[in-house]
Number of protein chains: 2
Amino acid sequence: MATPSPRSSPKPSGLDCRLAVLGTDARLTPHRREVFQALAESNDHPTAYDLFAKVKERSPSISLATVYNCLEHLTTHGLIRQVQLERGQSRYCANLHEHVHFHCETCGKVIDAHPAADFDPAKFWNLPAGTKVTRMDIAIHGTCSACTDKS
Amino acid sequence: MATPSPRSSPKPSGLDCRLAVLGTDARLTPHRREVFQALAESNDHPTAYDLFAKVKERSPSISLATVYNCLEHLTTHGLIRQVQLERGQSRYCANLHEHVHFHCETCGKVIDAHPAADFDPAKFWNLPAGTKVTRMDIAIHGTCSACTDKS
DNA sequence: CCATTCAATTAGAATCATTCCAATTCTAAT
DNA sequence: ATTAGAATTGGAATGATTCTAATTGAATGG
């Protein structure tokens, strides 16, 4: 459905801008809003548990299961990205601009790196004809400059 | 150590070519050899459990823990790659040529795609100065041509 | 304004993949 | 043969995520 849901979220606010722009039918309930906000405020790439801890400060009653539900909802509605940098915990990212993740294997830090203006990834890989690309996950592993300096 | 280990594997065979070429000090014990061979023979991207099932046919006594140990050993010695396409199970890949993984979200199939000859990924992303890159994981998600045709 | 309905939320159990651990086995050199 | 060290084992433990069933809450129709 492209029409707005009959049951809209309680209080439209600044965060709904993204909703409106994207034209999704995602409903931003208070919890979803808080999870989204917590993610948007972090420039590291938090795990579900990190976000749980952060949201809990404001809403002590929230459960980890709800955080997972919210993240799932936000991800499938394209409001956030889920990133899988290594085995184990997934990480989340509110930066929807096309970017890649640099992961420092020494300190664990994750840095967003943006592609040069003329970057057109599709033309560099010889995908079979008829293949449709919906998204790309590009993870670059190495050592960040701070860790390189230390060693 | 660059010198060969004092304790070499029992029977040098064709598989050791890779070892020799790569100049690693990995020891290919029978189990490690079998796990490697099972992986090298598959063109899908098997999980640890897939490989466990396959190796079990020849060596019924092998345990899943050993398969994990072998995969860990082979990965850290650069003989195979571990790929993380989505949440959950890791997949493994014996193709060491520079390539990206195309993952069909409909049928789950994973296809290796090789970059065009002039592809130089490093220059497309503006990584901070001093950053050292050791490896890149590039996963492209979408729909393969077979699944596109069906719909 | 109250009842109904449906989704959101919850806690805790269950599952799944992976890792850890302690005991055993194997290999190669002494 | 004996020893030392690594490989292997099974099973327990862990950690992340998902499932389930019950509860809550909001908006709509009566």
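Letters A, B, ... mirror the listed sequences (proteins, then strands); counts begin at 1.
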Answer yes or no: is there a donor N or O on one side and an acceptor on the other, between the side chain of A:S59 and the main chain of A:I62, under 3.5 Å? no
Find the distance A:Q84:CD to D:dG15:P and express it as a whole number of Å. 18 Å
Quick one: does any side-chain atom of B:T131 pair with a main-chain N or O of B:L127 as donor and acceptor, under 3.5 Å? no
What is the nucleic acid contact for B:S90, judged by heavy atoms within less than 4.0 Å: base, sugar-phosphate only, or nothing? sugar-phosphate
Heavy-atom contacts under 4.0 Å between residues 56-69 of chain A and DNA chain C, which residues? A:S61, A:I62, A:S63, A:A65, A:T66, A:N69
Kindly say whether A:H73 contributes a backbone atom to a donor-acceptor pair with the side chain of A:H77 at under 3.5 angstrom? yes
What integer distance in Å separates A:H77:NE2 from C:dA7:C1'? 13 Å
Mind checking whether B:H141 and B:H103 have parallel, tilted or perpendicular rings, split at 30° and 60°? perpendicular
With sequence neighbours left out, what residues match B:H31 under ring pair (Phe, Tyr, Trp, His ring centres under 6.0 Å)? none
Please indicate whether A:K132 has more than 12 foreign heavy atoms, meaning atoms of other residues, nucleotides or ligands, lying under 6.0 Å from its NZ. no
How does the hydrophobic cluster around B:V110 look, that is, which other residues are in it when side-chain heavy atoms under 4.5 Å mark a link? B:L85
Give each protein N/O atom lying under 3.5 Å from an N/O atom of nucleotides 22-25 of chain C, with the pair distance.
none

Expressed as a whole number of angstroms, how long is the span from B:D50:CG to C:dA17:P? 10 Å
Given atom CZ of B:F52 and atom P of C:dC16, what is their separation to the nearest angstrom? 16 Å
With a cut-off of less than 4.0 Å, is there a side-chain N or O of A:H31 near OP1 or OP2 of C:dT10? yes
Rounded interatomic separation in angstrom, taking CG from A:L71 and P from C:dA8: 15 Å
Expressed in angstrom and rounded to an integer, what is the separation of B:E86 atom CD from C:dC16 atom P? 16 Å
Just jot down the salt bridge (charged side-chain N to carboxylate O under 4.0 Å, His left out) partners of A:D137, sequence neighbours excluded, or say none. A:R81, A:R135
B:E72 CD - D:dT8 P separation (whole Å): 14 Å
Could you tell me the separation between the CZ atom of B:R87 and the C1' atom of D:dG15, rounded to a whole number of Å? 13 Å
Do A:R87 and B:Q84 have side-chain heavy atoms sitting under 4.5 Å apart? yes
Phosphate contact (D:dT8 OP1 or OP2) by B:T29 side-chain N/O below 4.0 Å: yes
Is a side-chain donor or acceptor of A:R91 paired with a backbone partner of A:V83 at a separation under 3.5 angstrom? no
DNA chain C base-pair string [pairs: Watson-Crick or G-U under 3.5 Å; |: paired with another strand]: ||||||||||||||||||||||||||||||
Which atom of B:S42 lies closest to which atom of B:P46, heavy atoms considered: OG-CG, 3.6 Å
